[in-house]
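Here is the structure we will look at.
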Amino acid sequence: MTDLTRLTAADLAERLRSGEVTSVEATQAHLDRIAAVDGPVHAFLHINSEEALATAADVDARRAAGEDLHELAGVPIAVKDVVVTKDQVTTAGSKILDGWIPPYDATLVEKLRAAGMPILGKTNMDEFAMGSSTEHSAYGPTRNPWDLDRIPGGSGGGSAAAVAAYEAPLAIGTDTGGSIRQPAAVTGTVGVKPTYGSVSRYGLIALASSLDQAGPCSRTVLDSALLHDVIGGHDPRDSTSLPEPAPSYADAARAGATGDLTGVRVGVVRELGGEGYQPGVRASFEASLDHLRAAGAEVVEVSCPSFSAALAAYYLILPSEASSNLAKFDGMRFGLRVEPAEGPVTAERVMAATRGAGFGPEVKRRIILGTYALSAGYYDAYYGSAQKVRTLIQRDFAAAFEAADVLVSPTAPTTAFRFGEKVDDPMAMYLNDVATIPANLAGIPGLSLPSGLSDDGLPVGFQVLAPARADERLYRVGAALETRLLAAAGGAGVLADAPELETLTDTTEAAR
Amino acid sequence: MTTLVDYDDAIARFDPVLGIEVHVELGTATKMFDDAPAHFGAQPNSAVTPVSLGLPGALPVVNGTAVEYAIRIGLALNCQIAETCRFARKNYFYPDVPKNFQTSQYDEPIAFEGYLDVELEDGEVFRVEIERAHMEEDAGKNTHVGGSGRIHGAEYSLVDYNRAGIPLVEIVTKPITGVGARAPEVARAYVSALRDIFRTLGVSEARMERGNVRADVNLSLRATPDAPLGTRTETKNVNSFRSIERAVRYEVSRQAAVLDAGQSVVQETRHFHEDTGSTSSGRVKSDADDYRYFPEPDLVPLAPPREWVEEIRASLPELPALRRRRLVTEWGYSEEEMRDVVNAGALDLIEATVAAGAAPAAARKWWMGELSRTAKTSGVELADLDVTPQHVAELQALVDSGRVNDKLARQVLEGVLAGEGAPEDVVTARGLEVVSDDGPLLEVIDATLAEQPDIAEKIRSGNLGPMGVIIGAVMKATRGQADAGRVRELVQERLS
């Protein structure tokens, strides 16, 4: 029998539709896989077996009754723990929300439920999405399925690892500076940060409101497009949500899958490559450019000089907004509450004790940075200047998109690094996001897909960027490159090269 | 504590400068940034949503009606309306602020640069310059339990978030100079004029006692009108017109005493005490207050289309000052009569009564006379009496047609107030109509004359002196329902 966990979401959906398999079978297969491998991988913080199976059974019953169901109905999914789920624990990877059960669903979760997608559980992440390795999760890191001694990327390492380890065909991530794309790159999976406003932020525990965007994680470009079609669309509860309807991204991915990009202009961003990028990463990137040329695309070079200031601007805007967004975690209404060890128990002292005990070091670092940057007398020099840089970056993109229909770069400068390598060096950690951050500052969409392996045997991510509200270009170009890469590799995807994870069953058998 | 300086003495030697911040709670159906009901008096923490509780993941959405109300207020205060403006976060930690920041407007208010002409009781008019009117959300309400009931020494505190997120408009004046001894009156008249405007615009119930309208009064003294502004204090949450006057008077006397003693006024917030009419030191305000304002990233800039603003301007109701001026002319009241009517809260009632057909003088007579006395006796507002302007107009029509006389009219009104129905119903039910049919009257007259033959003889002989005795007896016998003039005529006929 086919291993249901190895199917793409599109394939699984097709088999569910044809009646070849049931959603209960597919959901159970993924729950079994989680039970078998998630011990060491630790992609999940909470698993919702009961609810997922109930949803699956409901979908199966409705399908049997001949009901018209959504295309992805019955396909299970994992959701990053920064997205609130009604009656299911949501912690954002922080001790300050340990055990918190939200009374409401995020809009995108409502959409998943409406589509009949069983939610397997909530995935691990850096605390409040602050980090590039999941080493800042208060509940211990997620391990990269390619090499358990290496990071799965972050902050959405849990979602990427779950998909890479076949624990889920699809996952929801959020991307504030690369938290969907960089984990996708280092785990050999696909991840998309949609245009800012494409997917509702209602119910996303905010890190930086002007940068956050939820998006799909998957093993193929088409699967991400299918998921984007489910979760996208206007939401009156999010004032920054785009009002106009979006085209079908799945259609764009299917069009791209023909492998023909005749007439498409692809711009290589000069500033997102070269020095600081691992040679194996550069080689894989160059090889992908050749595939694009072969597909009929015209490859040109573009320059975005303001990108040199992007990282600095990002690390002023993000902490500033985060310092305010995270003020509500004070022990007064929900989550952790810590009373001071000695002295009077006043509201102010409970707030201080709760925040002192509940936040991890990276969160504290960024709250302090942001509080400082917004202080009277410093505002113009820091937050004000950073916003000006943001405008310059938007102009650079606008000019670049005059010369090219999409822009491309390696997603991350390096392949997955080892645990502990950068955790004590914030600057080195921050530099990992140098190629992904500009898209967030400009609000434009970006996709990362695996372009092959580096000389160290680890996967490399290829990033495609498009103008705001032109997300369909990501799917078309991404799918075309994916088709060409698959053909060149004889039909096997990058993940086929990943080592098989030891499963609990294997261990038991070995022990016999 | 420093001895206070006598108010007149203080004013003789110092020039007071006022600055007033008024918060008005808008009477929208839902809150400023979410769809929780914005009602008063619900069970604690029942009128809340994830947004007004500041739960993780919740996002604000601007209430369009609140924006319209803010624009109405801005236009009524002769302000410019911003072509584009933004909300900002005011960051501070306090348990009644669920997100630990208040969503407000900072450097981009929706309305700015206006004025309001304020009329004092003697008719003198002061122009108060308005700096800005901006939108923001209210905080929750803390209740401190145990100990003195104040925050210090309380055993614990309760927070009710029903009020958190109720839309507010804050109106800030420029420094109000040149008011001299009339500072307390100007402060009171300004807030009172605002209250009337809020009601006329229909943007708020504007009930001071419920805290719908709250005033913070800034006051400073300087040696002469040419001197730079002195250090100010801000007396917070003064919630009645009388208290506003008293707070200003007190601060003038207190600050004069401080300055006389060679000390400096401390820049601080102060609390007003209703019982003693005094203020006491609150929190010291300094440059150290840093709210780390920045533009609210969860909201997009607000750009009210010009056509919409003009539509709102065109639909503004007649404002109170203009309306009074018009009605004085139309009704022929004296300025003094009009002030009394306004102060009694009878303007709307009289206008409606006139609209229902009564003459302005008659309408005023009823509302300011009989009905005012009744309201006063029962301790209710005129508008809350069980009588409508329509009733009053009908009653006056009965008088005008001669169907009831003044005395009967008062009895009819008594019946209306007692809930016996419209005037016509009361007349029928109580049988109060003037007896105009001569038949029954003659019977009574004949009986009366028969009972008092001596008096009848006197009248018959031309001595009309005791006529009143007969008329009085007849009126008594008819329980006042007879027309006294007709009784006189009939008696004379009978005895001629």
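Reckoned from all heavy atoms, side chains included, excluding hydrogens, waters and symmetry mates. By convention in this document, chain letters (A, B, ...) are assigned in the order of the sequence lines, proteins followed by strands, and residues within each chain are numbered from 1.
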Heavy-atom count check: over 12 atoms from other residues, nucleotides or ligands less than 6.0 Å from [X] [atom1]?
{"X": "Glu348(A)", "atom1": "CD", "result": "no"}
{"X": "Lys86(A)", "atom1": "NZ", "result": "no"}
{"X": "Glu244(A)", "atom1": "CD", "result": "yes"}
{"X": "Lys388(A)", "atom1": "NZ", "result": "no"}

If we ignore hydrogens and angles and just use 3.5 Å, is the side chain of [X] paired with the main-chain N or O of [Y] as donor and acceptor?
{"X": "Asp290(B)", "Y": "Ala376(A)", "result": "yes"}
{"X": "Arg333(A)", "Y": "Pro98(B)", "result": "yes"}
{"X": "Thr240(A)", "Y": "Leu299(B)", "result": "no"}
{"X": "Tyr104(A)", "Y": "Thr49(B)", "result": "no"}

Output the option from [options] having the highest count of non-hydrogen pairs under 4.5 Å with chain B.
{"options": "Asn325(A), Leu97(A), Val83(A)", "result": "Asn325(A)"}
{"options": "Val82(A), Leu374(A), Val84(A)", "result": "Leu374(A)"}
{"options": "Gln387(A), Met332(A), Arg355(A)", "result": "Arg355(A)"}

Within a strict 4.5 Å, meaning less than it, do heavy atoms of the Lys99(B) and Asp330(A) side chains meet? no

Can you confirm whether Ser323(A) sits close enough to Phe294(B) that some side-chain heavy atom of one is under 4.5 Å from a side-chain heavy atom of the other?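 The answer is no, as the side chains (C-beta and beyond) never meet within the 4.5 Å cut-off.
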
If you round to the nearest 0.5 Å, how far is OG1 of Thr107(A) from CG of Leu59(B)?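 Here the rounded value is 8.0 Å.
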
Report the distance from atom OG1 of Thr90(A) to atom CG of Leu55(B), rounding to the nearest 0.5 Å.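 Taking OG1 in Thr90(A) and CG in Leu55(B), the distance rounds to 11.5 Å.
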
With only heavy atoms counted, which part of [X] is less than 4.5 Å from chain B, the side chain, the backbone, both or neither?
{"X": "Tyr378(A)", "answer": "neither"}
{"X": "Leu204(A)", "answer": "backbone"}
{"X": "Asp212(A)", "answer": "neither"}
{"X": "Pro102(A)", "answer": "neither"}
{"X": "Phe334(A)", "answer": "side chain"}
{"X": "Thr371(A)", "answer": "both"}

Please report the shortest heavy-atom distance between Arg89(B) and Glu321(A), naming the atom on each side. NH1-O, 4.1 Å

Where is the tightest heavy-atom contact between Pro295(B) and Tyr383(A), given as atom of each residue plus distance?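 Here Pro295(B) and Tyr383(A) meet closest at CD-CE2, 4.2 Å.
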
Please check if any side-chain donor atom of Tyr379(A) sits under 3.5 Å from a side-chain acceptor atom of Arg292(B), or the reverse.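 No pair is found: no donor N or O on one side chain lies under 3.5 Å from an acceptor on the other.
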
Between Arg237(A) and Asp34(B), does any NZ, NE, NH1 or NH2 come within less than 4.0 Å of an OD or OE carboxylate oxygen?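 A salt bridge is absent here (no side-chain N lies under 4.0 Å from a carboxylate O).
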
Please state whether the side chain, the backbone, both or neither of [X] comes within less than 4.5 Å of a heavy atom of chain A.
{"X": "Pro95(B)", "value": "both"}
{"X": "Tyr161(B)", "value": "side chain"}
{"X": "Asp298(B)", "value": "both"}
{"X": "Phe101(B)", "value": "side chain"}

Using a 4.5 angstrom heavy-atom cutoff, name the option from Tyr94(B), Phe93(B), Tyr156(B) with the most pairs to chain A. Phe93(B)

Just one of Ser324(A), Ser320(A), Ser210(A) clears the side-chain contact (heavy atoms from CB on, under 4.5 Å) bar with Pro297(B), so which one? Ser210(A)

